[in-house]
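Input: a single structure, listed below in C-alpha cells.
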Protein chains: 2
Amino acid sequence: MVENRLDVTFRALADPTRRGMLASLALGEKSIGALAEPFAMSFAGASKHVKVLEDAGLIARRKKGRTHLIKIEAKPLEEAERWLRQWEKFWTRRLDRLEALIEQDKERKNG
Amino acid sequence: MVENRLDVTFRALADPTRRGMLASLALGEKSIGALAEPFAMSFAGASKHVKVLEDAGLIARRKKGRTHLIKIEAKPLEEAERWLRQWEKFWTRRLDRLEALIEQDKERKNG
DNA sequence: GTAATTGTCAACCGATTAGTTGAATGATGT
DNA sequence: ACATCATTCAACTAATCGGTTGACAATTAC
C-alpha cells in the first residue's frame, strides 16, 4: 500500500488515545510520561502513539536532557480538513469542486 | 475498545480505496460491482469496504432486484469536520474553544 | 428449467495494530 | 562511580485489516 498523506493523517486520528494526546498537547508542551499518565499506559505504549503522531507530522519533538518534549504541529490537519470541506459542499448540494478533489486524491497516492 | 463515532469515521476515511469509492459515489448511485471495477478488486473485497462505509453511516444501501444500489450519506462527516475545525482555530492561534473540544471527545467515548 | 449475474458469507492468509514486558541507552543527582 | 529517571528498542501476544477463494442465495435472462 502506497500510503499517502491523508491515509496517515486519518489513521492517526482514528484512535481515541491519540486524539486525547493531541487534546492534552493543545494545553501545552508535554513529556512522553506526562502524555502516558492519563491513559494508565506504559511509557513504551505512549512512545508508540507519539511516534504515529510524529510520522503523521502532527507533533514535533524536542529533546531537553533526558526528557522528550512534545508539542503540537497541527498544520497538516489542514489537508484533512480541506478534504472534508469538499464533502460539506457536496452534502449541501454544491458539486462544483468534486472532480478536482478526485484528481487531487489520485495524484497524492504516490506523493 | 469502545469505538466512538469519530473512531469509526476517521478509520473509514483512512483507506484510499474507500475514499475513492466515496468520490465515485459523489458522481451518482452505484452498484457494488461498479464500485469494485476501478480497483480491480473482487466483489467480496468491495463488499467489505462498502460495509465499513455503511457501518460508519457514510453511505446508504437500497436493494433493487439482485443489485444493491449504494448512495452517499455524507452527513456523519459533519462531526469529523467539526472536530477538525477546532484544530483549525488552534493552528491559526485561536485557542478559545479547545477546552470544550477536549470535553466533547471525552464524553463521546461511551456514546 | 437451466444458466448467468449480483452479491453475501465463511474460512483463510499475511501484514499491521495496540498493547505488554524486559533489556539497553542516555542524562541527572548524589 | 552509582543509582535513578526518561525513553527507546526488541520480542512477543491477541486482535484487526485488506484481501483472496469457494460455496451459497436470490434474481434475471434465455
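Just so we're on the same page: letters track the sequence lines, and every chain starts at 1. The analysis underlying the following values was restricted to heavy atoms, covering all of them including side chains, and did not include hydrogens, waters or symmetry mates.
Atom CG of Leu84(B) is separated from atom CZ of Arg85(A) by 9.5 Å, given to the nearest 0.5 angstrom.
For the helix from dG1(C)-dC30(D) to dT30(C)-dA1(D), the rotation axes defined at the first and last 5 base pairs enclose an angle of 10°, given to the nearest 10°.
Lys71(A) contributes no side-chain N or O that, together with a main-chain N or O of Ile59(A), makes up a donor-acceptor pair within less than 3.5 Å. For the pair Arg19(B) (side chain) and Leu13(B) (backbone), a donor-acceptor distance under 3.5 Å is present. Under the 3.5 Å distance criterion, the side-chain polar atoms of Arg62(B) are left unmatched by any main-chain donor or acceptor of Leu69(B). Side-chain atoms of Ser24(A) do not come within 3.5 Å of backbone N or O of Gly20(A) as any donor-acceptor pair.
The CG-C1' distance, from Leu35(B) to dG18(D), rounds to 17 Å in whole Å. Distance Lys64(B) NZ to dT28(D) C1': 14 Å, rounded to the nearest Å. Regarding His49(B), its NE2 atom lies at a distance of 16 Å from the C1' atom of dG7(C), rounded to whole Å. Rounded to whole angstrom, the span from the CG atom of Asp15(B) across to the P atom of dT16(D) amounts to 18 Å. For the pair Glu29(B) CD and dT6(C) P, the interatomic distance rounds to 16 Å; values are reported in whole Å. Per the geometry, NZ belonging to Lys63(B) stands 17 Å off C1' belonging to dT28(D), to the nearest Å. If you take CZ of Phe10(B) and P of dT16(D), they are 21 Å apart, rounded to a whole angstrom. Counting to the nearest Å, the P atom of dT17(C) and the CG atom of Leu53(A) are 13 Å from each other.
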Open item on the list: Go through it in stages, so that I can follow the logic: the residues are Asp55(A) and Lys51(A), the test is salt bridge (charged side-chain N to carboxylate O under 4.0 Å, His left out), and I'd like the CA-CA distance, side-chain angles, deciding distance and then a yes or no.
Closed with: CA-CA 6 Å; Asp55(A) 290 348; Lys51(A) 186 163 190 319; 3.1 Å; yes
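Applying the 4.0 Å criterion to OP1 and OP2 of dT16(C), one finds that Arg11(A) has every side-chain N and O outside that range.
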Task: Contact state string [nucleotides 4-10 of chain D, B base, S sugar-phosphate only, - no protein heavy atom under 4.0 Å] - done: BBSBBB-
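What you find for Glu73(B) and Ala60(B) is that their closest heavy atoms are OE1-CB, 3.4 Å.
Within 4.0 Å (heavy atoms only), Gly45(A) reaches at least one base atom of the nucleic acid.
A continuous path of hydrophobic side-chain contacts links Ile70(A) to Phe39(A) [ILVMFWY only; heavy atoms under 4.5 Å].
Contacts classified as side chain to side chain donor-acceptor pair (under 3.5 Å) and involving residues 38-50 of chain A (residues at least two apart or in different chains) are given here: Arg18(A)-His49(A).
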